[in-house]
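Within every chain, numbering begins at 1; the chains are lettered A, B, ... in the order of the sequence lines, protein sequences first and strands thereafter. Values below: all heavy atoms of this structure, side chains included; hydrogens, waters and symmetry mates excluded.
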Amino acid sequence: MAERIHITTAIFYCNGAPHVGSAYEALAADVFARHQRRKLGRENVSFLSGTDEHGDKIRRAALAQGLTPQAYTDKMSALFDEAFRGLGVSYDYWVRTTDGVHQEWVREMLRRTHARGDIYFRDYEGQYCVDCERFYTDKELLPANVCPVHHRPVELISEGNYFLRLEKYREQVLEHIRRNPDFIRPERYRNEALNMLAEPLADLCISRPKSRLDWGVELPFDSNYITYVWYDAFWAYVSHPASRDPEFRDKVWPNTEHFIGKDILKTHAVYWPAILLAADWPLFKHLNVHGWLNFGGARMSKSSGNVRDPVSYEQAFGADVLRYFVMREVVYGLDGDFSEERLVERYNAELANDLGNLASRVLAMAARYFQGEITATPGAGGEEIDRNLCEAFRAAPARAGAMVDELAFNRGLDAVWQALDAANKYIVATSPFTLAKDPDKLPRVAQILAHLLEGLRVIAATLEPFMPRQAQKILDLLGLDEAAAYVPFGAGLKRGDRVKPALALFPRIDKKDRAK
RNA sequence: GGCGGCGUAGCUCAGUUGGUUAGAGCAUGCGGCUCAUAUCCGCAGUGUCGUAGGUUCGACUCCUACCGCCGCCA
């Protein structure tokens with residue numbers, strides 16, 4: 001029986017519009033998910049994303065626009081959903097933390113954890129920052145009791161609250177990370193997590209009194225309180241699929257791949273595992289941590305004003321071009337730089353000249369010399385140069401797939417481009433356009449084109465996770481349906497198949513045009 | 001203050017357990033082809049591999065110190 005896996009992005013806190021940074025995370029998870037579906041079968045992969053909609057920041061953002069929190073989050077969640085769908089992000093679940101199924105699930109987990117004795121009540125006094133929605137110790141604060149993140153004064157608040165016994169699970173989480181070297185990847189973040197778990201942990205406050213904040217999930221064991229936003233949000237990874245499928249907990253959840261940004265490493269490497277264990281849930285498989293997407297060298301953030309709207313890039317270049325660029329340019333786990341100039345450079349050199357032009361010249365020759373008909377057997381080459389080319393086409397998908405499994409998206413694309421290079425060199429070396437002038441040599445030309453067309457087919461199939469629409473366009477040009485498109489090299493196109501005339505898949509971008 | 005990372009060709013970066021004249025892509029110059037989106041192919045480069053020491057027959061790779069940039073924790 002095939003393995004079933006679960007893939008998640010972070011649940012986006014929707015107090016502002018989505019930007020290229022959040023799109024990057026969704027795109028990385030989507031490329032991974034699409035690849036896994038090809039590998040494991042559509043029905044064995046569930047891919048989840050959604051919005052985190054509770055908490056004080058949301059409530060205040062809503063008020064600022066004269067909306068109720070619910071009306072505000074309806075609007076914002078739809079905005080995220082539309083932006084991601086427009087980029088081709090293919091999640092199976094779009095979870096909102098304000099929906100009924102989710103809230104009931106959170107209450108059930110609270111009940112369960114409380115019954116196990118891992119949630120307790122005590123009085124607490126501390127310096128509270130409304131923007132961070134958390135308490136600070138005195139030494140964490142800047143002079144004059146100012147929040148180190150927002151540089152705004154904190155408030156001294158005294159209240160009773162519910163706490164989760166974090167320290168109780170610290171050793172267990174630590175041990176799990178030690179025994180599973182790739183639990184948190186890349187390794188640099190694993191080391192940081194081990195550091196965080198090296199010292200005793202203060203228990204985690206998971207409630208807020210309704211008198212102060214009522215926009216959240218009510219505690220099942222005390223109606224005067226709601227749960228703190230993080231406790232609620234984590235369970236969004238679980239609530240819907242677990243409510244739908246009783247086998248989810250044991251058969252699917254342990255194979256979960258979380259995609260998160262490095263800013264929320266601590267919550268996902270320390271709090272979330274403890275929350276799971278306290279609720280008697282197993283741990284997930286991997287925490288896949290990515291870096292920042294900078295813009296022109298500067299950190300992209302709302303305060304610096306260089307936040308870029310992913311939709312504007314989608315309109316300018318197309319979703320697939322944006323997807324290709326961020327996956328090719330950024331090393332997963334490290335910070336990357338988003339620059340429009342780099343994007344145009346890569347577009348022209350790699351998409352237009354290498355990929356687009358290869359498709360164009362091969363299809364043009366097939367149309368010109370054989371009216372689009374394949375009159376030789378693809379993949380069954382006689383000469384050494386043919387066998388070498390076919391080997392390149394066989395190796396590329398395997399290599400690319402292995403790289404995506406390891407989150408090395410840029411190297412996966414590099415593997416595909418090695419096959420493209422081999423194809424372009426093969427054309428020059430065999431010169432089918434010269435052979436075609438001699439009618440006796442047309443059988444050889446047919447053989448050359450058959451290999452190239454089948455190679456193009458494999459390349460399109462391999463690129464599908466990265467550029468789903470353009471890949472489909474190439475497969476359409478080759479006249480293939482879904483069943484024939486995603487098979488190993490040599491098993492796709494057959495003698496007698498017909499392909500369509502060439503067209504420019506990626507028209508070159510003139511830099512001068514874009515400058516104005 | 002503690003822990004960790006990075007510093008390689010003009011630009012962006014590869015260099016997997018130390019082993020022959022240190023690589024790729026982009027950009028630049030020259031040549032070839034004409035099927036193709038003025039595309040493709042070939043050739044040509046340039047480097048005190050952050051600095052100074054050390055270990056070794058041999059160091060971009062290991063060790064120490066320092067300089068610069070950055071991250072996490074406190």
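Listed nucleotides: U34(B), C26(B), U37(B). Nearest to the side chain of Ala349(A): C26(B). Set against C72(B), C33(B), C40(B), the side chain of Met196(A) has C72(B) as its closest nucleotide. The nucleotide whose nearest atom lies closest to any side-chain atom of Phe433(A) is, among C26(B), U37(B), C33(B), C33(B). Of the candidate nucleotides C35(B), G71(B), U37(B), C35(B) has the atom lying nearest to any side-chain atom of Met365(A). Among the nucleotides C41(B), U39(B), A36(B), the one closest to the side chain of Lys425(A) is C41(B). Closest to the Asn357(A) side chain, of the nucleotides G25(B), C40(B), U34(B), is C40(B). With distances taken from any side-chain atom of Glu350(A) to the nucleotides G71(B), U37(B), G25(B), the minimum falls on G25(B). Ranking U34(B), U37(B), C72(B) by closeness to the Ser360(A) side chain, first place goes to U37(B). The side chain of Val428(A) approaches C40(B) more closely than any other nucleotide in the set C40(B), C26(B), U37(B).
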All N/O contacts under 3.5 Å from nucleotides 7-14 of chain B to the protein, with atom names and distances to one decimal?
none

When you compare the protein's N or O atoms with those of nucleotides 2-4 of chain B, which come within less than 3.5 Å of each other, and at what distance?
none

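Put simply, CD1 on Ile260(A) is 13 Å from P on C72(B), counting in whole angstrom units. As a whole-Å value, the separation of Lys262(A) NZ from C73(B) P is 11 Å. With rounding to whole Å, Glu199(A) atom CD is found 18 Å from C72(B) atom P. Rounding to whole angstrom units, CG of residue Asp354(A) and P of A24(B) are separated by 16 Å. Atom CG in Leu351(A) sits about 14 Å away from atom P in U39(B), given to the nearest Å.
Listed by first and then second residue, the side-chain hydrogen bond (donor to acceptor under 3.5 Å, both in side chains) pairs involving residues 485-497 of chain A are Arg38(A)-Tyr486(A) (not counting sequence neighbours). Applying the salt bridge (charged side-chain N to carboxylate O under 4.0 Å, His left out) test to pairs two or more places apart or on separate chains, those with a residue in residues 407-426 of chain A are Arg328(A)-Asp414(A).
Applying the salt bridge (charged side-chain N to carboxylate O under 4.0 Å, His left out) criterion to Glu406(A), with sequence neighbours excluded, gives no partner residue. Annotation: side-chain hydrogen bond (donor to acceptor under 3.5 Å, both in side chains) contacts of Arg498(A) (sequence neighbours excluded): Glu373(A). Judged as a side-chain hydrogen bond (donor to acceptor under 3.5 Å, both in side chains), and not counting sequence neighbours, the contacts of His268(A) are Tyr237(A). By the side-chain hydrogen bond (donor to acceptor under 3.5 Å, both in side chains) test, Tyr426(A) pairs with Asp386(A), sequence neighbours left out. With sequence neighbours excluded, no residue forms a side-chain hydrogen bond (donor to acceptor under 3.5 Å, both in side chains) with Asp320(A).
Phosphate contact (OP1/OP2 of C73(B), side-chain N/O of Lys266(A), threshold under 4.0 Å): absent.
Looking at RNA chain B, the stems built from 3 or more consecutive Watson-Crick or G-U wobble pairs, each pair with its key distances under 3.5 Å, are B:1-7 with B:67-73, B:10-13 with B:23-26, B:28-32 with B:40-44, B:50-54 with B:62-66.
By the neighbour-count criterion of 12 heavy atoms within 6.0 Å, atom CZ of Arg122(A) is densely surrounded, having more than that number from other residues, nucleotides or ligands.
The residue Ala352(A) sits close to a base: some heavy atom pair falls under 4.0 Å. Heavy atoms of Asp414(A) sit nowhere under 4.0 angstrom from any nucleic acid atom. Note on Pro432(A): nothing from the nucleic acid sits closer than 4.0 angstrom, heavy atoms only.
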Extract all donor-acceptor atom pairs below 3.5 Å that involve side chains of residues 465-472 of chain A and protein atoms in other chains or at least two apart in sequence.
residue   : atom : partner   : partner atom : Å
Arg469(A) : NH1  : Gly86(A)  : O            : 3.4
Arg469(A) : NH2  : Gly86(A)  : O            : 3.0
Gln472(A) : NE2  : Asp476(A) : OD1          : 3.1

Exercise answer: donor-acceptor pairs, residues 351-359 of chain A side-chain atoms, under 3.5 Å, sequence neighbours excluded:
residue   : atom : partner   : partner atom : Å
Asn353(A) : OD1  : Arg508(A) : NH1          : 2.7
Asn353(A) : ND2  : Asn348(A) : O            : 3.2
Asp354(A) : OD2  : Trp417(A) : NE1          : 3.4

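For the pair Ile374(A)/Leu449(A), no side-chain contact is recorded, criterion being any heavy-atom separation below 4.5 Å from C-beta on. Taking 4.5 Å as the limit, some side-chain heavy atom of Arg170(A) sits within range of a side-chain heavy atom of Glu167(A).
Using a cut-off of 4.0 Å between Lys/Arg side-chain N and Asp/Glu carboxylate O, Lys39(A) and Asp405(A) are scored as salt-bridged.
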